[in-house]
2 protein chains.
Amino acid sequence: MESRCENCIIRQFNALRAMSKEELKKVSDSKTTKKLKKGEPLFEEGEKLNGVYCVRSGVSKLSKLSANGKDQIVKLASKGEVIGQRSVIAEESANLSAVAVNDMEVCFIPKESITNTLQVNPDFTLEVLRHMAHDLREADDVIVNISQKTVKQRIAEAFLYLKNNFGEDEEGFLALTLSREDISNVVGTATESAIRIISDFKKQGLINASGKKLGIKNERKLQELVDGF
Amino acid sequence: MESRCENCIIRQFNALRAMSKEELKKVSDSKTTKKLKKGEPLFEEGEKLNGVYCVRSGVSKLSKLSANGKDQIVKLASKGEVIGQRSVIAEESANLSAVAVNDMEVCFIPKESITNTLQVNPDFTLEVLRHMAHDLREADDVIVNISQKTVKQRIAEAFLYLKNNFGEDEEGFLALTLSREDISNVVGTATESAIRIISDFKKQGLINASGKKLGIKNERKLQELVDGF
DNA sequence: GCTAAAACATGATAATTATCAGTTTACCAT
DNA sequence: ATGGTAAACTGATAATTATCATGTTTTAGC
């Protein structure tokens, strides 16, 4: 049996919490649940979206392909985040692709449930607006980082970001495991460059690595690196 | 005598057009007009904003200082654009500095006029949301460009951007004149690198330059450069 | 119009980063 | 458990970009 949005804890993390009982009921009646295996796409850039996706579990990378064939990851979305709302609101086709980084469970919410509410419930609209304001700030910060910091600094920062946003497991490894290629696509560099720097970090004792699993060993030093010594 | 928002053409370009007569009247009664000379700041990053600025004329650069002392320009805002709304909505201090690129005239609108309307007028809130969705898309695109394109490509793109967004004067020069340093801060590179590439473009006949004035000579070639030949 | 300051320009060099080519390792499906 | 495949790694080299030093031109203010 499908669970209802009304009882969904995830909702507390996003704008859906500002919906009225009735609005939420409509969403719940029209939503569908979808499971994705690691690597499967939610949607591709250029696609028309008929709704948004609310992440219940797992992580999705939002990325854009550039002319030289490399993907740039613009955002990692996890539990509670709503994917695709920018495109739905702007009534544009998707600017980014969304692909599952690990196994995911998402709810698909048809766009009508969202757009109707946007037109009549200012609480909801304002809440969505606040989330988007936050995303915009983050995007601005990424622009500054990517253009003013070295690859080494950006990779150090990525490690700290992964720890702060996705936490660590019992053994102290980062809870979100990204491939070296994904890391390079987050920081915007060649995969080989990322690999080399990660190896360096390991040799210097800043991080530890066991296969794909990566862990932070010396957070202070990493932070110093980010800040430019 | 001060002009009234109700009669202001500029308003058509931004979310204020979705305000009701009464709301607009309040804005008009509480707004103040301000003139800025080239180089003067509207606000600095970290500052608390008590309202937003609506640009009547001139252009402002929104930038952020990085640890290495270089400014990164994140956006150029001109006629009709509202500056500072992201910070006001998120109830954060300013993430960016806003400085006049040329002489400007702006209206300052106290934040209460905005936030009150946001809470009760979904048309207005949605309109602001749409504008922010647009800004977010642009920011995402900048991230991809800056990390995946060469400096040469980004400078070529900047020229095309300046033409498309600010137009040309009677003599075919770009209507918005930026210093080489500002250009380097837009594309995220060292000033010397920008200067060198601009000189190159001139030698190759892609652009022409007379002092600070810059003009596009061969738009097709520039576009080919951006697209990677 | 003159002058100081700012902006622009160029060369030499160093540092960073990408690319290519190849090897080793880890992981998944059978 | 094992073979095939993708990911991780390494070295050599090239390309891009930053930095520093210095000279020249332009601009803005008096």
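In what follows, chains carry the letters A, B, and so on, assigned in the order in which the sequence lines appear, proteins first and then strands, with residues in each chain numbered from 1.
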Any idea which of [options] is nearest the [X] side chain?
X: A:Ile195; options: D:dT17, C:dA18, D:dA8; result: D:dA8
X: A:Ser199; options: C:dC8, D:dT17, D:dC9; result: D:dC9
X: B:Val151; options: C:dA18, C:dT10, D:dT17; result: D:dT17
X: A:Lys212; options: D:dT10, D:dT17, C:dC27; result: C:dC27

>> Let me spell it out: for each of A:Arg154 and A:Glu192, pick the nucleotide of DNA chain C with the closest heavy atom. Which residue's pick is nearer the 5' end?
In response: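 Closest to the 5' end, via its nearest nucleotide, is A:Arg154.
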> Is the shortest side-chain N/O distance from B:Ser179 to OP1 or OP2 of C:dA6 below 4.0 Å?
Replying inline: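 Answer no for this pair, as no side-chain N or O of B:Ser179 is under 4.0 Å from OP1 or OP2.
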> Think A:Arg180 has a side-chain N or O under 4.0 angstrom from the OP1 or OP2 of D:dA7?
Replying inline: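 It does not, given that no N or O in the side chain of A:Arg180 lies less than 4.0 Å from OP1 or OP2 of D:dA7.
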In whole angstroms, how far is the [atom2] atom of [N] from the [atom1] atom of [X]?
X: B:Asp200; N: D:dT16; atom1: CG; atom2: P; value: 12 Å
X: B:Lys203; N: C:dC8; atom1: NZ; atom2: P; value: 16 Å
X: A:Leu214; N: C:dA26; atom1: CG; atom2: P; value: 14 Å
X: A:Lys70; N: C:dT19; atom1: NZ; atom2: C1'; value: 12 Å
X: A:Ile155; N: C:dA18; atom1: CD1; atom2: C1'; value: 13 Å
X: A:Glu181; N: D:dC9; atom1: CD; atom2: P; value: 13 Å
X: A:Gln148; N: C:dT16; atom1: CD; atom2: P; value: 16 Å

Regarding [X] and [Y], do their side chains bring together a donor and an acceptor under 3.5 Å, going by distance alone?
X: A:Gln72; Y: A:Asn185; result: no
X: A:Asn95; Y: B:Asp140; result: no
X: A:Asp227; Y: A:Gln223; result: yes
X: B:Asn14; Y: B:Glu81; result: no

> Is any side-chain N or O of B:Arg196 under 3.5 Å from a base N or O of D:dT19, one able to act as donor and the other as acceptor?
Replying inline: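 Indeed, a donor on one side and an acceptor on the other fall under 3.5 Å apart.
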>> Assuming nearest nucleotide by heavy-atom distance, tell me which of B:Gly188 and B:Lys38 is located more 5' along DNA chain D.
In response: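 The 5'-side residue here is B:Gly188.
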> Counting heavy atoms not belonging to B:Lys213, are there more than 12 under 6.0 Å from its NZ?
Replying inline: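 Counting neighbours around NZ of B:Lys213, more than 12 heavy atoms of other residues, nucleotides or ligands fall under 6.0 Å, so yes.
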> If you look at every strand shown and take non-hydrogen atoms under 4.0 Å, does B:Thr191 touch a base, only sugar-phosphate, or nothing?
Replying inline: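 No contact.
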